[in-house]
There are 2 protein chains.
Amino acid sequence: MARKTAGATGPGATIYSVADRAGVSIATVSRVLQGGTVVAERTREKVLAAVEELGYVPLGAARSLAVRHHEAHGLVLPELSGPYYSELLMGFEARAAELGQSVVLVLTNGRRDLVGDVRRLATRVDAIAVLGSAAIPGEVVRTLAEKKPVVVIAGQPGDGVEAVAAENVDSARELVGHVLGHGRRRVLFVGDPASGPDINNRHAGYRQAHHDHGLAPAEPVRISLREDDGFAFARRLLAGEYHADALVCANDELALSIMTALQDAGRDVPGDTAVVGWDDVMTARYVRPGLTTVRQPVQELGALAADRLHDLVGGDRPPTDTRVLPTRLVLRASCGCTP
Amino acid sequence: MARKTAGATGPGATIYSVADRAGVSIATVSRVLQGGTVVAERTREKVLAAVEELGYVPLGAARSLAVRHHEAHGLVLPELSGPYYSELLMGFEARAAELGQSVVLVLTNGRRDLVGDVRRLATRVDAIAVLGSAAIPGEVVRTLAEKKPVVVIAGQPGDGVEAVAAENVDSARELVGHVLGHGRRRVLFVGDPASGPDINNRHAGYRQAHHDHGLAPAEPVRISLREDDGFAFARRLLAGEYHADALVCANDELALSIMTALQDAGRDVPGDTAVVGWDDVMTARYVRPGLTTVRQPVQELGALAADRLHDLVGGDRPPTDTRVLPTRLVLRASCGCTP
DNA sequence: CTGTTAGCGCATTCAG
DNA sequence: CTGAATGCGCTAACAG
């Protein structure tokens, strides 16, 4: 049946109208646009001209249906506050783009129908990366992984699904060892290890460092990882509810809020109390004393996740063990060092 | 022609295999999945069971092709460092999700083939939001707007394309007026007004405030808006290259880097030099003195952009004038106030 | 080098 | 309430 191929301009132009206008077949149009096969220079020009004149924009969905690939990766994050997620996303997006993949993003935080949203996502991408800690219940991830390639970022290793992560245990051990090396003997771990595998590993390193020094680790202060919780804890500390000469905070937001609160109350940091954190956020460089922390290669982590997805979709490279990226201690003054 | 509808499980399951398994037609499957039409409870259950057993995930591309909608919005940002873009993205994503739209993200910063990337994006979304300042050459935006609905965020108003923005001129006028009210008489605008419409408007407000007070504004210090540039400027200021008792910085990153550099060199802020910025980033609360700045409703801006795209796609609401969101002065101590 | 043709998987009339 | 048939726009053989 002869298609209606009315000279639709702008939106509405299809490969048929372009072919018509250029006086060629749709196959030829497809060829010059995909750039794979050889096309006579003469006809190529005609096609390109027609494309230009009609303002033709190919319909991605039609291509996807034909090639049976979305050419898109999904990324599921809890939110975007703080530099961690943003950097992860930047790294992911950059690598995905290099690989010719679009990225469609889902932020789960105050989401009504999380499961539904993720299912809809699965509908339009070839593979999905999920931030392990908070984004999604592990059960959902597992059923998802039965249908699409999935990689978990900084999550529980060994669920049977691919995973990438930054190193935490050793760097925690090193960091806490460093603090103990300053002569501190009452160092508290601030932040709930149950917040996620990352935090749990940091706490594990904290314990190891104590054992290394023949010391008994104190119970962790089980609070969540936001500024407000830091302020609340600082009040309790100032009230004498805790005793410590050093605070190892699960992340920088906690460390910064606590440090500031202590200082505003007249405490000397690190004189009275040393404070260290995790992530090396921008603020860590600006406060005085500078915050000693651990720098993670967050962008690389994102890029790595994108890589794995791509491999998984391509069917290359069989599932590998969890890839762990190294981290680096950043010594400033809040731990007791004099730079 | 009878389709091969082999009981494909997991990936590979189609609406046909589900229909087969449930002993119904694909139309019925489609109906229960879309939930629009009425279906007998009995058959609905059969279908759902089949879906479950086969692990069926509908192919978004096929649906998009059939309904002639991608049900996705594009968002083009330069990058994601700092809180501004992240918050914008959060606001955009949240609203888009509410409207049932996926969001596909493109970060343009070190991008090789920007134009190509944006064209590919246009291929798979119904509409696109672009951050005006830095993401894309205005010319590209205009040709894009001929093919897809486009809204420019914080960009040049009146290109004939939809736009949303935060208020800048008045808040700048108020901020600078406030600084002048502290008795400062040599206040410099730091940051290149040509960086983008936002900055240009802030500079305009700066000038107005001077005129309000019968003062002559100084030439702006034309540097770009990153930390490094702030440090470099601070060095030149300390070297006596500039004279000022107040610095109105185009954004917080600039303000913070400059303030810190001055303090490290022994200058008193705000005693010797007041410093104010724009954006109210997290660090602004932590430095001492706290940074006086202007808070923009960035998330709302993102949400607004998503709304407009949706309206544009729906064909509702004719193109409106640029929507401008109000901003708010945040007074802390760096301007000379005593909180 | 180019045209013809057959699906890709789904939504949607139109009958029944 | 349900099924059969058609087309969405594009790619990829397969011929010429």
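What you see below is based on every heavy atom in this structure, not just the backbone, and it leaves out hydrogens, waters and symmetry mates. A, B, ... follow the sequence lines: proteins, then strands. Residue 1 opens every chain.
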Original post:
Can you check the Leu59(B) CG to dG7(C) P distance for me, whole Å?
Top reply: 18 Å

Original post:
In residues 62-71 of chain B, which ones come under 4.0 Å of DNA chain C, going by heavy atoms?
Top reply: Ala62(B), Arg63(B), Ala66(B), Val67(B)

Subject >> Contact check, side chains of Leu131(B) and Pro78(B), non-hydrogen atoms, under 4.5 Å >> reply: yes

Subject >> Residues in salt bridge (charged side-chain N to carboxylate O under 4.0 Å, His left out) contact with Asp117(A), at least two apart in sequence or another chain >> reply: Arg111(A)

Subject >> Nearest-angstrom distance from the residue atom CG of Leu33(B) to P of dT12(C) >> reply: 13 Å

Restricting to nitrogen or oxygen on both sides, can you table the protein-nucleotides 1-4 of chain C pairs closer than 3.5 Å?
residue: dT2(C); atom: OP1; partner: Thr43(A); partner atom: OG1; Å: 3.0
residue: dT2(C); atom: OP2; partner: Ala40(A); partner atom: N; Å: 2.8
residue: dT2(C); atom: OP2; partner: Thr43(A); partner atom: OG1; Å: 3.2
residue: dG3(C); atom: OP2; partner: Ser25(A); partner atom: N; Å: 3.0
residue: dG3(C); atom: OP2; partner: Ser25(A); partner atom: OG; Å: 3.3
residue: dG3(C); atom: OP2; partner: Thr28(A); partner atom: OG1; Å: 2.7
residue: dG3(C); atom: N7; partner: Arg31(A); partner atom: NH2; Å: 2.7
residue: dG3(C); atom: O6; partner: Arg31(A); partner atom: NH1; Å: 3.3

Subject >> Charged N-O contact under 4.0 Å between Lys148(A) and Asp126(A) >> reply: no

Subject >> Check: Val104(A) and Val103(B) side chains under 4.5 Å, non-hydrogen atoms >> reply: no

Original post:
Got a second to check how far His73(A)'s NE2 is from Gln101(A)'s CD, nearest 0.5 Å?
Top reply: 4.5 Å

Subject >> salt bridge (charged side-chain N to carboxylate O under 4.0 Å, His left out) against Arg63(A), all qualifying residues, sequence neighbours excluded >> reply: Glu71(A)

Original post:
Just how large is the angle between the end axes of the helix from dC1(C)-dG16(D) to dG16(C)-dC1(D), five pairs per end, to 10 degrees?
Top reply: 30°

Subject >> Separation of atom CG in Asp20(A) from atom P in dC10(D), rounded to whole Å >> reply: 13 Å

Subject >> Sequence-distant partners of Glu79(A), salt bridge (charged side-chain N to carboxylate O under 4.0 Å, His left out), two or more places apart >> reply: none

**OP:** Compare all side-chain heavy atoms of Leu304(B) with those of Leu325(B) and state whether any distance is below 4.5 angstrom.
**Re:** yes

Original post:
Side-chain N or O of Ser30(B) less than 4.0 angstrom from OP1 or OP2 on dA11(C)?
Top reply: yes

Original post:
Thr14(B) and Tyr56(B): which non-hydrogen atoms are nearest, and at how many Å?
Top reply: C-CE1, 3.5 Å

Original post:
Is there a side-chain contact between Leu77(A) and Asn109(A) (heavy atoms, below 4.5 Å)?
Top reply: no

Subject >> No-H, no-angle donor-acceptor pair, Tyr16(A) side chain to dC10(D) base, under 3.5 Å >> reply: yes

Original post:
Given atom NZ of Lys46(B) and atom C1' of dT2(D), what is their separation to the nearest angstrom?
Top reply: 11 Å

Subject >> Non-hydrogen side-chain atoms of Val18(B) and Asp20(B) separated by less than 4.5 Å >> reply: no

